[in-house]
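Side chains are part of it too, since the values below use all heavy atoms of this structure and drop only hydrogens, waters and symmetry mates.
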Amino acid sequence: MNAAGIKTYLYSIGKNKLLGDLRKKTKITFQGKFNDDDLIVDDDDFEVEKIEKYDKVKEVISSMGDPCKRILELFYFNKLSTDEIAELMGCLLYTSPSPRDS
């Protein structure tokens, strides 16, 4: 092994040793107590929140004009790809020309 390889090896050992010591010093532990009720997650709360977000998105989209409204509905609610949306709306998808086309 050459001198540069030995220096790199020793540097790596020192760095990893310092990082390990730092991890030990900064270890965070939970000192409090919690009840069994704290561990229970109510799925109904998540469902209600999901429905509220969905309703809000629907409200915002419904206030938009076409074609933006139609594109967003097709993409997010009907799960269509951009190619399918372009075809439905009678649009062509263009890509930037490659250097060969110049």
Side-chain angles (χ1 to χ4, degrees):
M1 193 180 262
N2 62 20
I6 293 172
K7 285 182 183 179
T8 303
Y9 177 72
L10 292 174
Y11 174 79
S12 296
I13 290 174
K15 180 182 80 169
N16 289 330
K17 178 71 173 141
L18 286 172
L19 287 174
D21 291 346
L22 183 62
R23 282 188 201 107
K24 287 178 185 175
K25 287 180 185 177
T26 59
K27 189 174 265 188
I28 298 172
T29 58
F30 180 68
Q31 300 295 329
K33 295 181 181 179
F34 54 89
N35 301 324
D36 289 339
D37 294 342
D38 294 337
L39 299 175
I40 298 172
V41 177
D42 190 6
D43 289 339
D44 291 338
D45 291 342
F46 288 121
E47 192 62 32
V48 168
E49 187 176 315
K50 185 177 174 182
I51 291 170
E52 288 173 352
K53 286 181 181 178
Y54 180 83
D55 289 343
K56 182 66 176 172
V57 169
K58 275 296 243 188
E59 179 184 326
V60 170
I61 289 177
S62 67
S63 68
M64 295 178 145
D66 280 335
C68 295
K69 175 182 173 181
R70 180 79 175 130
I71 292 169
L72 290 173
E73 286 174 343
L74 291 171
F75 187 78
Y76 288 106
F77 299 116
N78 295 348
K79 307 287 188 211
L80 296 180
S81 70
T82 53
D83 290 334
E84 293 169 324
I85 293 170
E87 185 178 322
L88 275 173
M89 298 190 75
C91 299
L92 296 175
L93 291 179
Y94 292 103
T95 59
S96 60
S98 67
R100 294 178 296 192
D101 295 337
S102 301

Completion exercise
Residues at least two apart in sequence or cross-chain that pass side-chain hydrogen bond (donor to acceptor under 3.5 Å, both in side chains) with E84, listed by chain then number, are S81
Which side-chain N or O atoms in residues 60-74 pair as donor and acceptor under 3.5 Å with protein atoms at least two apart or in another chain?
unit_1 : atom_1 : unit_2 : atom_2 : d
S62    : OG     : K58    : O      : 3.2
S62    : OG     : E59    : O      : 2.8
S63    : OG     : V60    : O      : 2.6

Exercise for the section: For Y76, check ring pair (Phe, Tyr, Trp, His ring centres under 6.0 Å) against everything at least two apart and list the hits. Expected result: none
Problem - Contacts of type ring pair (Phe, Tyr, Trp, His ring centres under 6.0 Å), residue F75, not counting sequence neighbours - result: none
[X]: hydrophobic cluster co-members (side-chain, 4.5 Å):
X: Y11; value: none
X: I51; value: none
X: L18; value: none

Practice task
List in chain and number order the residues that pass salt bridge (charged side-chain N to carboxylate O under 4.0 Å, His left out) with K53, two or more places apart in sequence or in another chain; answer none if no residue qualifies.
Solution key: E49
Problem - D21: salt bridge (charged side-chain N to carboxylate O under 4.0 Å, His left out) partners, not counting sequence neighbours - result: K17
Completion exercise
Sorted by chain and residue number, the side chain to side chain contact (heavy atoms under 4.5 Å, CB included) partners of I13 (sequence neighbours excluded) come out as Y9
